[in-house]
Amino acid sequence: MGFRKDIRNIAIIAHVDHGKTTLVDKMLKQSGIFRANEAVAERVMDSNDLERERGITILSKNTSIMYKDVKINIVDTPGHADFGGEVERILMMVDGVLLLVDAFEGCMPQTRFVLKKALNLGKKPIVVLNKIDRPGARPAAVVDEVLDLFIELGAHEDQLDFPVIYTSAKDGYATLDPNKKGNNMTPLFEKIISEVPCPQGEINEPFQILFSNIDYDEYVGRIGIGRVERGTVTAGQNAVLCCLDGSTKNVKLTKIYEFEGLKRVETDKAALGDIISVSGITDLNIGETACSPEKIEALPFVKIDEPTVSMLFMVNNSPFAGREGKFVTSRNIRDRLFKEVETNVAMKVEETDSADTFKVSGRGELHLSILIETMRRQNFEFQVSRPKVIMKNIDGQVCEPMELLMIEVPDNYVGAVMEKLGGRKANLIDMSTKGDGTTHLEFKIPARCLMGYRSEFLTDTNGNGIMNHVFDGYEPYKGDIVQRSQGSLLAFEAGDTTAYGLFAAQDRGRLFVGPGTPVYEGMIVGASPKSEDIVVNVCKKKHVTNTRAAGSDEALKLTPPSILSLEQSIEFIADDELVEVTPQSIRLRKITLNKEQRMKKMKRR
């Protein structure tokens with residue numbers, strides 16, 4: 001057995017918005033990888049446009065820093081449980097994890113989800129309490145919460161004896177005493193080197209690389225990112241790829257790259273413990289092993305949790321089909337979806353009986369909506385159905401996915417929240433009040449009952465509530481619920497909306513469109529407070545005559561329309577409705593556009 005004392009591999013895991021990417025920013029800047037005059041963006045690791053817009057990490061990314069002749073490879077991971085597949089696989093590349101917890105908010109659901117995976121794989125944890133400069137920070141209480149969480153998740157004795165570092169990522173300092181402000185990140189670097197185990201293995205044996213991630217480059221094609229688990233590998237070397245189906249094939253490792261800061265730098269060779277990128281393997285998949293021909297051994301890969309939600313992706317067949325998108329055919333959509341599955345291991349794509357429809361399964365609504373938004377920006381045009389949870393048959397019993405829901409609301413909104421969740425079959429498991437007038441509630445709730453609840457929650461709490469949920473296993477089916485209490489306002493005919501038509505329709509409910517918007521028959525233009533759908537003529541023009549009458553020329557006052565985002569649209573639609581997605585527009589529609597045909601279908605049912 002050999003050791004590499006000049007290298008440490010760590011992943012940073014945390015709940016959404018607890019400061020992971022900001023912390024990595026400061027570690028990069030203080031390690032001196034940027035030139036003094038180099039312009040560096042904030043949250044430099046969030047390189048994706050969607051990540052910058054939403055302020056969340058979606059894809060796990062690699063970087064490295066040098067500290068006292070020790071190379072620290074860092075993997076920045078997503079904080080949202082919907083992207084848990086990104087976290088599960090990269091944990092195979094590291095020996096320790098930095099568990100980042102907000103010193104005010106404490107342990108949140110996603111903290112629990114990712115930490116459980118890391119502890120089960122035996123990774124060494126370092127707890128980092130961030131935002132200690134925040135008003136109301138309670139570092140001592142949060143450390144106790146973290147300890148309780150470790151015990152609850154079944155951590156062994158070595159893991160329970162975790163070191164704690166206090167940081168303010170925003171101000172760029174770390175300290176061992178929460179009451180003393182630090183000067184820089186040095187205490188954190190020192191703790192990583194002293195606490196995270198260095199890579200160990202057979203350094204003189206033939207090489208072995210386990211691939212945990214895949215990237216793509218326009219010039220060199222597919223690039224596999226993985227860790228050298230054994231021996232030393234050199235560029236241009238022949239290798240044997242152990243595929244997931246048990247077969248093997250001969251490949252050549254054309255080029256090897258290592259991470260230096262944010263750059264990928266070509267290198268001649270890499271040894272045990274190095275995290276590297278390899279080009280030259282065309283059909284590489286995540287979880288496969290490249291070995292030396294002298295010693296062919298496939299490494300086991302971490303089991304990725306199954307998807308819990310599915311949606312149907314369809315070719316757009318609305319009257320406006322093909323007007324705005326570039327890629328509109330079933331072949332375009334099929335190729336794009338199957339390309340996504342190659343790098344997104346937590347997602348599944350299945351072909352259905354119809355050539356124009358594909359079933360896409362993922363970890364949650366956000367997981368699927370990010371794919372939809374990405375495809376939309378790539379000039380795809382298509383339709384999606386309402387998300388449905390994936391049921392499982394366990395020991396002859398139909399079971400459904402359950403979510404652990406955590407809510408923090410001001411005390412005076414607790415009644416409204418409890419009433420709504422009671423009707424959605426939520427089971428209260430914990431309730432506690434905080435000194436600042438807020439109440440912490442924990443529920444167990446079927447995943448399907450949460451669909452469409454977020455907008456109701458924001459309304460019930462006047463935007464003052466915080467809601468987080470995470471997958472919590474499968475339980476027997478809890479029975480039917482009323483999914484949506486309001487109906488839709490449907491356009492009567494094709495045309496452009498007019499102020500006159502909208503003024504007459506706005507008394508019927510909340511409108512989603514403004515004047516001058518092109519609509520077609522059966523398109524959803526608003527929400528009705530009643531449970532049934534109402535057809536409204538939003539294209540109606542004012543009848544013009546030569547006769548003037550008092551009051552006929554009054555100014556029409558229109559209520560501003562509620563413009564729904566992609567996530568809100570997916571939450572709103574019922575089972576007989578679709579979301580039409582194009583590069584320029586998001587429209588809601590009935591599956592059957594004609595009113596008479598809809599009535600006939602209802603009678604048949």
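By convention here, the first residue in the shown sequence is residue 1. Keep in mind the model is a prediction, meaning the values are calculated, not measured.
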Partner set under side chain to side chain contact (heavy atoms under 4.5 Å, CB included) for [X], not counting sequence neighbours:
| X | value |
| --- | --- |
| Lys326 | Asn379 |
| Glu475 | Met402, Lys444, Lys478 |
| Phe104 | Asp102, Arg134, Asp436 |
| Lys359 | Ser310, Leu312, Glu350, Thr352, Ser361 |

Side chains of Glu408 and Thr438: do they bring a donor and an acceptor to under 3.5 Å?
->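 Looking only at side-chain atoms, Thr438 and Glu408 do not form any donor-acceptor pair under 3.5 Å.
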
Ring pair (Phe, Tyr, Trp, His ring centres under 6.0 Å) involving [X] - partner list, sequence neighbours excluded:
| X | value |
| --- | --- |
| Phe338 | none |
| Phe512 | Phe572 |
| Phe380 | Phe327 |
| Phe457 | Tyr453 |

Test Asp533 against Lys590 for salt bridge (charged side-chain N to carboxylate O under 4.0 Å, His left out), laying out the working first.
-> CA-CA 10 Å; Asp533 299 331; Lys590 286 287 180 184; 2.7 Å; yes

4.5 Å side-chain heavy-atom contact, [X] and [Y]:
| X | Y | result |
| --- | --- | --- |
| Ile570 | Ile372 | yes |
| Cys539 | Asn537 | yes |
| Met431 | Val414 | yes |
| Lys388 | Arg386 | no |
| Val360 | Leu368 | yes |
| Val389 | Met451 | yes |
| Ile429 | Leu404 | yes |
| Tyr477 | Arg448 | yes |

Ignoring hydrogens and geometry, is there a side-chain-to-backbone donor-acceptor pair from [X] to [Y] under 3.5 Å?
| X | Y | value |
| --- | --- | --- |
| Gln506 | Lys557 | yes |
| Thr308 | Arg363 | yes |
| Ser528 | Lys530 | yes |

Is there a side-chain contact (heavy atoms from CB on, under 4.5 Å) between Thr374 and Glu340 once you walk through the steps?
-> CA-CA 11 Å; Thr374 306; Glu340 181 69 24; 5.8 Å; no

Name all residues meeting the salt bridge (charged side-chain N to carboxylate O under 4.0 Å, His left out) criterion together with Asp496; count only those two or more places apart in sequence or in a different chain, and write none if there are none.
->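 Testing Asp496 for salt bridge (charged side-chain N to carboxylate O under 4.0 Å, His left out), a comparison that skips the adjacent residues, returns none.
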
With a 3.5 Å cut-off and sequence neighbours excluded, list the donor-acceptor pairs that the side chains of residues 313-325 form with protein atoms.
| unit_1 | atom_1 | unit_2 | atom_2 | d |
| --- | --- | --- | --- | --- |
| Asn316 | OD1 | Ser318 | N | 3.2 |
| Asn316 | OD1 | Ser318 | OG | 3.4 |
| Asn316 | ND2 | Glu381 | OE2 | 2.8 |
| Asn316 | ND2 | Glu580 | OE2 | 3.1 |
| Asn317 | OD1 | Gln383 | NE2 | 3.2 |
| Asn317 | OD1 | Arg589 | NH1 | 2.7 |
| Ser318 | OG | Phe320 | N | 3.2 |
| Ser318 | OG | Glu580 | OE1 | 3.2 |
| Ser318 | OG | Glu580 | OE2 | 3.0 |
| Glu324 | OE1 | Thr582 | OG1 | 2.4 |
| Glu324 | OE1 | Ser585 | OG | 3.1 |
| Glu324 | OE2 | Ser585 | OG | 3.2 |
| Glu324 | OE2 | Arg587 | NH2 | 2.9 |

Heavy-atom closest contact ([X] atom, [Y] atom, distance):
| X | Y | answer |
| --- | --- | --- |
| Gln568 | Ser565 | OE1-N, 2.9 Å |
| Leu490 | Gly522 | CD2-O, 4.0 Å |
| Met418 | Leu428 | CE-CD2, 3.8 Å |
| Ile223 | Ser279 | CG1-CB, 4.3 Å |
| Tyr474 | Pro307 | OH-O, 4.0 Å |
| Ser277 | Ile225 | OG-CG1, 3.7 Å |

Given side-chain contact (heavy atoms from CB on, under 4.5 Å), test Leu366 with Ser369 step by step and report yes or no.
-> CA-CA 5 Å; Leu366 182 64; Ser369 71; 3.8 Å; yes

For Met391, does the CE atom have more than 12 heavy-atom neighbours from other residues, nucleotides or ligands under 6.0 Å away?
->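 More than 12 within 6.0 Å, yes.
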
Please say whether more than 12 non-hydrogen atoms of neighbouring residues, nucleotides or ligands are located less than 6.0 Å from CZ in Arg598.
->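 Correct, the count exceeds 12.
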
Criterion salt bridge (charged side-chain N to carboxylate O under 4.0 Å, His left out) on Glu400 and Lys425, from CA distance to verdict = CA-CA 13 Å; Glu400 63 177 332; Lys425 300 197 180 291; over 6 Å; no

Scan residues 399-422 for pairs that pass ring pair (Phe, Tyr, Trp, His ring centres under 6.0 Å), counting only residues two or more places apart or in two chains.
->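 Not a single pair qualifies under ring pair (Phe, Tyr, Trp, His ring centres under 6.0 Å).
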
Walk me through it: do Leu450 and Glu365 pass the test side-chain contact (heavy atoms from CB on, under 4.5 Å)?
-> CA-CA 10 Å; Leu450 271 177; Glu365 288 173 88; 5.8 Å; no

Are Lys600 and Glu596 ion-paired here, with the side-chain N under 4.0 Å from a carboxylate O?
->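 Between Glu596 and Lys600 there is no salt bridge, as every charged N stays at least 4.0 Å from the carboxylate O atoms.
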
Can you name the residues that form a side chain to side chain donor-acceptor pair (under 3.5 Å) with Glu493, not counting sequence neighbours?
->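 Side chain to side chain donor-acceptor pair (under 3.5 Å) check on Glu493 returns nothing, list empty.
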
Would you please test Gln486 and Arg510 for side-chain contact (heavy atoms from CB on, under 4.5 Å) and show each step?
-> CA-CA 11 Å; Gln486 53 187 346; Arg510 179 169 57 109; 4.2 Å; yes

